[in-house]
Amino acid sequence: MWIAVAGAVAVIGVIVWSFRRNTRGADEPGGRPGWDWESRLGEDARVAFMEGVRACHDQVGPLSLDEERGLLRIVDPPRLISLYLLADRFTGRGQDGLHDPQGTVRELVAQCVATEQPGVLHLRADWLSGEVDGMDGPGFTAAVREIVRPDGASPSGDGSVGCLEVTLPGSPEEYANTALLDLGRVVELYEKARAERPAMPAAALLRDVVFGLINEAGPGLTWARPPTERHRTALLAASRPTT
């Protein structure tokens with residue numbers, strides 16, 4: 001039942017997110033990885049939105065803005081939230097957001113903290129205790145980073161919460177974007193696959209698992225902003241099994 005509900009929420013989230021992007025006009029390509037999420041807000045709305053984000057410290061605890069990649073990072077519970085998504089939803093609140101920016105942003109962030117959805121990644125500090133096939137947290141992170149390395153991309157890993165961030169550069173025709181991969185889910189899938197294929201080399205098994213997760217584009221993978229076909233194809237091509 002929970003899986004069905006979560007799937008419905010994710011589908012609705014993708015539809016709404018994509019609809020708002022398409023109905024508000026095209027954005028400048030080739031920009032920062034965060035795709036200039038501030039452009040979703042007017043001047044007054046930007047001031048109000050930032051005021052609301054600062055007030056979130058009181059409710060959700062330590063957080064930080066990664067404006068370059070367009071992400072809001074929450075420490076406890078560990079969450080990554082797309083600033084593009086938040087700004088878009090804040091704009092959708094209209095005058096209510098301007099009149100009560102603190103309450104509005106707190107509500108929007110609380111929804112993301114409670115429910116994983118497109119543009120929101122829920123992580124775990126205990127994503128890998130001990131080792132899997134001789135790989136500890138840093139080793140596993142490094143192994144996945146070597147697999148998911150599209151041309152021109154700059155993968156980086158946060159081993160404390162088990163997240164790999166892969167930034168695909170922009171081009172004259174298209175914006176940059178950052179893929180977010182939950183390494184905790186990769187571990188779970190890897191351990192299940194290892195039980196089914198005990199003799200398969202670790203590197204090949206891990207590549208199969210990572211490719212499968214990216215190909216399904218389900219829980220465990222999200223983006224700083226809605227991905228284009230080029231973004232999805234580049235990520236898949238980098239992780240595709242060699243045989």
Side-chain angles (χ1 to χ4, degrees), residues 10 33-34 64 66 68-71 73-82 116 118-170 176-225 227-243:
S64 62
D66 185 342
E68 184 66 20
R69 291 189 172 183
L71 297 170
R73 302 176 187 275
I74 297 176
V75 175
D76 186 21
R79 301 286 189 262
L80 287 177
I81 304 173
S82 163
E116 191 170 65
V120 180
L121 197 64
H122 286 192
L123 302 166
R124 292 160 285 176
D126 59 347
W127 65 278
L128 178 56
S129 56
E131 297 182 347
V132 54
D133 270 358
M135 294 178 285
D136 58 7
F140 195 88
T141 301
V144 176
R145 186 170 57 239
E146 286 304 307
I147 292 172
V148 189
R149 191 182 289 275
D151 291 341
S154 53
S156 62
D158 184 352
S160 64
V161 292
C163 181
L164 187 73
E165 302 175 20
V166 185
T167 298
L168 286 78
N177 204 351
T178 298
L180 309 169
L181 191 66
D182 179 1
L183 295 178
R185 283 196 175 93
V186 177
V187 168
E188 292 173 353
L189 293 171
Y190 183 88
E191 291 177 333
K192 180 180 179 181
R194 172 54 75 206
E196 298 170 350
R197 291 173 278 178
M200 192 170 187
L205 183 62
L206 183 58
R207 182 173 288 275
D208 276 0
V209 167
V210 171
F211 177 81
L213 189 151
I214 294 173
N215 187 46
E216 291 175 8
L221 172 68
T222 195
W223 297 77
R225 60 169 295 185
T228 66
E229 189 59 33
R230 180 184 73 88
H231 296 144
R232 288 187 287 262
T233 299
L235 207 62
L236 273 174
S239 60
R240 190 179 303 277
T242 56
T243 57

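For reference, positions follow the sequence shown, starting with 1.
For the atom pair OG1 of Thr178 and CG of Asp66, the computed distance is 8.0 Å after rounding to the nearest 0.5 Å. In this structure, CG in Leu180 is found 11.5 Å from CD1 in Ile81, a value given to the nearest 0.5 Å.
Residues Arg232 and Glu229 are paired through a salt bridge, judged by an N-O separation under 4.0 Å between the basic side chain and the carboxylate. A salt bridge links Arg185 with Glu116: the distance from a Lys NZ or Arg NE/NH1/NH2 to an Asp or Glu carboxylate oxygen falls below 4.0 Å.
Leu128 has its side chain out of reach of Leu183: every pair of non-hydrogen atoms, C-beta onward, lies at least 4.5 Å apart. Between Arg69 and Ser156, the closest side-chain pair of non-hydrogen atoms falls below 4.5 Å. By the 4.5 Å heavy-atom criterion applied to side chains, Leu221 and Leu235 are counted as neighbours. Contact of the Leu71 side chain with the Glu165 side chain is registered, since non-hydrogen atoms from C-beta on lie closer than 4.5 Å.
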Show the numbers, then the answer: is there a side chain to side chain contact (heavy atoms under 4.5 Å, CB included) between Phe211 and Leu236?
-> CA-CA 7 Å; Phe211 177 81; Leu236 273 174; 3.6 Å; yes

When you look at Val161 and Leu80, which way does the side chain to side chain contact (heavy atoms under 4.5 Å, CB included) test go after all the steps?
-> CA-CA 10 Å; Val161 292; Leu80 287 177; over 6 Å; no

Please assess Asp208 against Arg197 for the test salt bridge (Lys or Arg N to Asp or Glu O under 4.0 Å), listing each intermediate value before the final yes or no.
-> CA-CA 11 Å; Asp208 276 0; Arg197 291 173 278 178; 3.1 Å; yes

Evaluate the side chain to side chain contact (heavy atoms under 4.5 Å, CB included) criterion for residues His122 and Asp182: first the C-alpha distance (whole Å), next the side-chain angles of each, then the deciding distance (0.1 Å), finally the verdict.
-> CA-CA 8 Å; His122 286 192; Asp182 179 1; over 6 Å; no

Side chain to side chain contact (heavy atoms under 4.5 Å, CB included) between Leu206 and Asp133, worked out = CA-CA 10 Å; Leu206 183 58; Asp133 270 358; over 6 Å; no

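Minimum heavy-atom separation, Asp158 to Ser160: OD1-OG, 2.5 Å. Closest non-hydrogen pair, Ala176 versus Pro169, comes out as CB-C, 3.8 Å. Of all heavy-atom pairs spanning Leu205 and Ala193, the tightest one is CD1-CB, 3.6 Å. Pairing each heavy atom of Cys163 with each of Leu121, the nearest pair is SG-CD2, 4.1 Å. The nearest pair of heavy atoms linking Gly162 to Leu123 is O-CD2, 3.8 Å. Of all heavy-atom pairs between Pro78 and Ala125, the closest is CG-N, 4.1 Å.
Under a 3.5 Å cut-off, the side chain of Trp127 and the backbone N or O of Val186 do not form any donor-acceptor pair. Looking only at distances, a side-chain donor or acceptor of Asn177 sits under 3.5 Å from a matching main-chain atom of Arg225. Checked by atom type and distance alone, the side chain of Thr222 pairs as donor or acceptor with a backbone atom of Gly119 at under 3.5 Å.
Among residues two or more places apart in sequence or in another chain, the salt bridge (charged side-chain N to carboxylate O under 4.0 Å, His left out) test is passed with Arg207 by none.
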Taking only distance into account, with no hydrogens and no angle test, what donor-acceptor pairs under 3.5 Å do side-chain atoms of residues 135-146 form with protein atoms, sequence neighbours excluded?
| from | atom 1 | to | atom 2 | distance (Å) |
| --- | --- | --- | --- | --- |
| Asp136 | OD1 | Gly139 | N | 2.9 |
| Thr141 | OG1 | Gly137 | O | 2.9 |
| Glu146 | OE2 | Arg149 | NH2 | 3.0 |

